[in-house]
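This report concerns only the one structure given below.
These values consider heavy atoms only, across backbone and side chains, with no hydrogens, waters or symmetry-generated copies.
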Amino acid sequence: MSDDRPYVGARTPRREDPRLLTGRGRFAGDVSLPGMAHAVVVRSPLAHGRVTRCEAGAARAAHGVLDVITAGDAAGVRLPCVSLAPGQPESSYPVLEETIRYAGQPLAVVVALTEEAAQDAAELLDVGFDELPAVVGADRALLDDAPLLYPGWGTNLVTDFVIGDTDCEELIAGAEHVVEMTFRIGRAAPSPMEPRRIVASWADGTLTIWASTQAPHHVRDHAAQALGLAQHRVRVIGCDVGGGFGAKEHLYPDETLVCLAAIRSGRPVRWVEPRTDHFGATLPARDAVHRGRLALDADGRFVALHCDILGDLGAHPSNVGISPIAVSATMLPGPYRFERAGARVRAAVTTTTPTGSYRGFGQPEATWTRERLVDEAARRLGVDPVEIRLRNMIRPEELPYATRTWQSYDSGDYPGALRALRGLARTRPSHDGRRRGVGFSCHVESTGMGPSAQMKAAGIQAGGFESAVVRMEPDASVVVCTGVAGIGQGIETALAQLAADRVGVPLERVQVVLGDTAATPYSPVGSIASRSLTVGGGALIQAAARLRDRIVAIAAHQLEAAPEDLEVAGEVVRVKGDPGARRTLEEIAASAWRGWDLPEGMSPGLEERATHDPAAYTYAYGAHAAAVAVDVETGAVEVEGYWVVGDSGTLVNPAIVEGQIRGGVAQGIGMALTEELAYSEEGLPLAEYLLPTTREIPAVEVVLVQTPSPVTPGGMKGVGEAGVIGPPAAIGNAVAAALPEIADRITVTPLTPQTVWSLLDSSHRSRTDPGVG
């Protein structure tokens with residue numbers, strides 16, 4: 001790195017912001033092409049049934065209608081499941097079919113000259129149904145008399161396997177203390193500011209897709225496979241993204257149908273997901289039941305941890321399938337030592353929208369279960385909840401540390417983070433009759449998803465590497481191309497900071513190119529799983545090092561000096577101790593691109609490419625604390641203070657890291673207190689879904705520490721999901737501290753006023769009436 005340009009670690013303003021904050025962003029919905037048509041998706045009003053009639057004649061004849069696509073027109077068009085569970089009976093799913101398994105399932109697509117005409121024609125579609133019984137809830141789906149979604153399977157169970165130790169029972173049975181609780185984690189909707197959007201155009205035998213996506217190459221691969229096209233005949237351009245949060249990491253059935261419509265009509269087709277469709281069409285997440293058991297010895301040391309995890313997959317395994325549920329199991333131990341730890345993992349189909357990925361990807365669920373068990377153990381043993389954690393935490397000198405659930409933590413100081421947090425958290429004085437408490441939660445976060453061999457072993461049908469191309473132009477400006485996508489996480493700025501430091505040029509002379517499958521290197525899974533900087537940045541660092549070596553080699557040849565005697569300072573390469581012996585970067589770049597005066601055997605140009613397939617995952621970690629006030633008359637919970645101590649390895653841009661954590665905390669507070677996508681007995685999504693507002697989110701104090709990872713270039717760890725993992729558990733523990741009379745029944749998310757009030761009312765009635773409870 002050029003010593004006088006320390007961009008890494010600087011709070012550089014995000015270069016994306018001027019464009020996004022002044023209305024100059026380019027979103028998929030902004031794409032306008034000549035002759036563009038508009039699509040409307042017709043969706044099932046039922047949760048379970050069969051289509052007995054689908055008459056499209058009147059719709060096709062309506063004014064302005066160009067096409068109507070029904071199940072018969074899309075026969076054989078299927079999307080793959082990338083993550084496969086042991087024993088999973090199907091590895092793909094149709095984009096249209098006549099069996100209905102969730103309300104909101106696509107039935108048809110109407111394409112017209114205007115969106116209004118398409119909407120009017122959609123209402124003319126004559127669809128008849130034979131309704132079947134719905135089944136809501138994974139536990140109910142496994143009852144002997146439950147309706148079967150796939151009668152040919154003979155069951156609604158998709159998979160049943162074990163992660164970690166299989167011999168936990170003996171230790172639990174012989175332990176001095178055992179805390180057993182059953183937790184339910186509510187289904188959450190990603191709810192991005194920008195719903196899903198896509199424009200597809202078919203011209204000269206090539207399908208071009210403009211999409212709001214986290215993974216352009218993923219979309220390209222799936223579109224090509226589903227539609228029977230060669231991959232070089234599909235181009236995906238990732239536009240600005242108004243929030244992805246995991247929900248935009250793959251191609252959806254309705255988006256595939258828009259691509260099919262473009263091919264059939266020969267003209268561009270645009271589709272924008274209505275906000276009203278989001279809860280039935282975009283994949284939600286969470287939704288699991290955990291039966292957790294924590295065993296301790298007489299001194300309060302952890303002996304064993306086991307969890308029976310039952311996840312709700314919705315109508316079919318989605319692109320990610322059981323992966324979030326499996327991650328809950330693998331990350332169950334958190335930052336603690338256990339003699340034994342493991343989980344039984346099961347997943348079932350239900351007549352609800354398929355579940356997928358959402359920020360945190362199974363880790364908030366694991367943290368909720370583990371940290372609530374730990375707090376309840378502390379309460380029953382009469383031990384301070386911070387002290388019981390410190391007593392059992394993995395110490396810095398024990399890292400790297402192999403957990404009982406097959407993870408290898410790389411670096412950190414878990415007790416140090418918790419001790420620092422303890423000094424920050426505090427409650428307000430109780431002056432208004434409300435009950436107050438402080439709760440803590442700690443987690444280790446799996447980041448940098450990428451070792452391709454490990455992904456294969458886990459049943460994931462994709463690689464985990466990233467590639468980067470770094471080019472110095474003849475004027476010494478630098479262009480970086482990488483396959484990861486910008487989704488609002490500031491990756492364009494962070495990559496530019498890395499490149500400027502590693503090559504030795506001013507930050508303003510670095511351009512970052514993202515999100516175009518025709519112009520960027522292949523990215524197997526894109527910007528998900530807190531990996532865009534960890535893995536994509538690792539590839540960039542390697543490519544930049546090669547480019548820098550090439551620059552120095554040219555300068556050494558032209559200055560007749562040894563490469564080790566040169567240094568890059570400012571925008572020149574010079575001989576150490578002899579400032580007059582120098583070549584500017586522009587002089588070197590111009591000569592390289594002209595093929596002038598180069599070392600023997602070196603080809604012209606200044607461009608290097610590197611592919612980084614990480615040797616292992618990285619592991620960020622954090623400690624969270626929440627201070628709450630609970631109104632016992634109404635059950636309302638207010639978060640009055642929130643604190644985070646987090647370690648994401650080397651911090652390329654601390655301001656971006658803090659922003660990511662604060663945004664995640666806001667989503668975690670929503671999951672803890674207000675957000676749940678619930679269903680009626682008939683399997684219909686209920687209309688009420690309460691996102692948190694600025695009234696519910698307090699000021700979030702963030703303290704950052706840095707322990708570089710030894711397994712990735714640059715030492716970075718991911719941070720995109722760090723904020724959302726801890727809040728449900730921290731808030732649940734705070735509520736339990738404020739309301740000790742119901743502490744052992746704080747087991748569900750969200751903790752709505754109705755839920756809390758009902759628990760308090762039940763506790764009161766059980767105390768006054770021995771026959772109750």
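Using a 4.5 Å heavy-atom threshold, the side chains of D410 and T712 count as separate. Proximity of R435 to P740: side-chain heavy atoms (C-beta onward) are separated by under 4.5 Å at one or more points. Inter-residue side-chain proximity for S408 and Y617 is flagged as unmet; no heavy-atom pair is nearer than 4.5 Å.
Partner of M716 under the side chain to side chain contact (heavy atoms under 4.5 Å, CB included) criterion, chosen from V8, L498, T618: L498.
Distance check: S648 OG to E721 CD gives 11.0 Å after rounding to the nearest 0.5 Å. Note: E445 CD to S530 OG = 4.5 Å, rounded to the nearest 0.5 Å. Rounded to the nearest 0.5 Å, atoms CG (D297) and CD (E339) are 8.0 Å apart. Taking CZ from F245 and CZ from R359, the interatomic distance works out to 6.0 Å, rounded to the nearest 0.5 Å. Here the straight-line distance linking atom OH of Y401 with atom OH of Y336 works out to 13.0 Å at 0.5 Å rounding. We find the SG-CD distance between C307 and E180 to be 10.5 Å, quoted to the nearest 0.5 Å.
Side-chain atoms of S763 and E741 form no donor-acceptor pair, as typed in the model, at a separation below 3.5 Å. The closest side-chain donor-acceptor pair between R11 and N653, if any, does not fall under 3.5 angstrom. For Q407 and S446, the side-chain atoms include no donor-acceptor pair closer than 3.5 Å. In this model, a donor atom of one side chain and an acceptor atom of the other lie less than 3.5 Å apart for D647 and Y621. There is no side-chain donor-acceptor pair under 3.5 Å between K717 and S709. Side-chain N/O atoms of T749 and R286 include no donor and acceptor closer than 3.5 Å. A side-chain N or O of R196 and one of T282 form a donor-acceptor pair less than 3.5 Å apart.
With hydrogens and angles disregarded, a donor-acceptor distance shorter than 3.5 Å links the side chain of T493 to the backbone of R15.
Nearest heavy atoms, S357 versus A285: C-CB, 4.2 Å.
The residues E681 and R140 are annotated as salt-bridged, a charged nitrogen and a carboxylate oxygen being separated by less than 4.0 angstrom.
Every residue two or more places apart in sequence or in another chain that forms a ring pair (Phe, Tyr, Trp, His ring centres under 6.0 Å) with F338 is listed here: F302.
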